[in-house]
Amino acid sequence: MIGVFDSGHGGLTILRALSARFPGHRYVFLGDHGHAPYGARDVEAIYGLTRDNVERLFSIGCRLVLLACNTASAVALRRLQQTWLPHFAPDNRILGVVVPTIEAVTQVPWHVTSPPGGPEPEARRVVVYATRRTVESGSYPFEIGLRAPAIGVTQQACPGLVDRIESGAPEAGIARMVTEFVTASLAGEREGAPPLVPDTAILGCTHYPLVAVHFAAALPPGVEILDQPGIVADSLGRYLARHREFDAPDPENPAPRFFTTGDPARVGPLASRFFGRTVEFERL
Ligand code: DGL
């Protein structure tokens with residue numbers, strides 16, 4: 001069984017990609033709707049909540065857990081892997097969404113932490129939209145800079161956007177909010193400087209693909225929005241092919257199970273809209 005964890009609905013974007021590409025696996029989704037959003041919480045709180053939820057997924061039989069949440073991946077994953085997992089569950093694994101995204105944008109494998117040799121690569125600009133805590137962690141600019149210094153990274157925190165998505169706020173208000181964040185992200189770094197022209201945008205919060213249409217409308221034409229759910233699914237597929245011990249495909253094609261720390265009756269209808277089919281949550 002593969003556990004897929006997010007603070008709320010956002011991880012459904014990752015689960016949707018996983019179950020479309022690798023339908024035979026047995027997935028268990030856990031949304032911590034009872035504590036969402038995570039993006040403005042302090043680092044210790046995000047670490048503690050993420051650890052408790054991973055533990056819940058381990059306790060129902062998932063040996064591999066994917067943090068389908070950029071905030072938890074950026075803030076808590078390394079610490080969990082290095083200090084908690086070896087004592088608590090040394091045979092289990094926790095993966096995240098930031099590593100595959102950085103590999104995709106830099107085209108450099110994660111274990112390589114300096115730019116590959118060869119001809120000087122073309123300068124590029126990537127803009128990252130994320131929660132406040134992901135932005136403050138500096139993970140995207142730092143890890144991209146190590147591997148591909150020719151890529152300039154602009155970050156834009158989008159406070160309040162996850163709250164709106166989680167509460168099913170009207171689309172028009174969400175569109176306005178996204179436009180404001182995109183406009184702010186493109187303004188020059190100093191007053192009077194020319195606007196920034198990115199070639200690539202990373203929706204570095206798993207909730208944002210749910211409103212990708214508004215990012216696409218607000219970004220200048222020609223900016224490629226990276227498909228983080230697709231990138232993460234491909235990467236997990238390669239991992240599972242190397243590590244069959246964590247979950248082999250089941251020919252019976254089992255349906256995912258959905259758990260929430262919130263109120264199943266409240267989160268189910270919105271999740272069904274986002275997931276594209278009826279989702280019935282069980283309370284955990
Ligand atoms: N969807 C999560 C992320 O990718 C968390 C958002 C939140 O809870 O603030 O960052």
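Counting starts at 1 for both ligands and their atoms, following the listed order.
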- Check the pair Thr261 / Asp32 against side chain to side chain donor-acceptor pair (under 3.5 Å), numbers first and verdict last. CA-CA 5 Å; Thr261 59; Asp32 192 9; 2.6 Å; yes
Give every donor-acceptor pair under 3.5 Å between a side-chain atom in residues 231-244 and any protein atom, sequence neighbours left out.
unit_1, atom_1, unit_2, atom_2, d
Asp234, OD1, Arg21, NH1, 2.6
Asp234, OD2, Arg21, NH1, 3.1
His243, ND1, Glu245, OE2, 3.2

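Donor-acceptor pairing under 3.5 Å is lacking for the side chains of Asp6 and Tyr38. Side-chain contact, Thr113 with Arg147: no donor N or O sits under 3.5 Å from an acceptor N or O.
Listed by chain and residue number, nothing satisfies the side-chain hydrogen bond (donor to acceptor under 3.5 Å, both in side chains) test with Ser73 (two or more places apart in sequence, or in another chain). Qualifying ring pair (Phe, Tyr, Trp, His ring centres under 6.0 Å) partners for Phe88, counting only residues two or more places apart in sequence or in other chains: Trp84.
Protein residues with a heavy atom under 4.0 Å from ligand 1 are Asp6, Ser7, Pro37, Tyr38, Gly39, Cys69, Asn70, Thr71, Thr131, Val162, Cys205, Thr206, His207.
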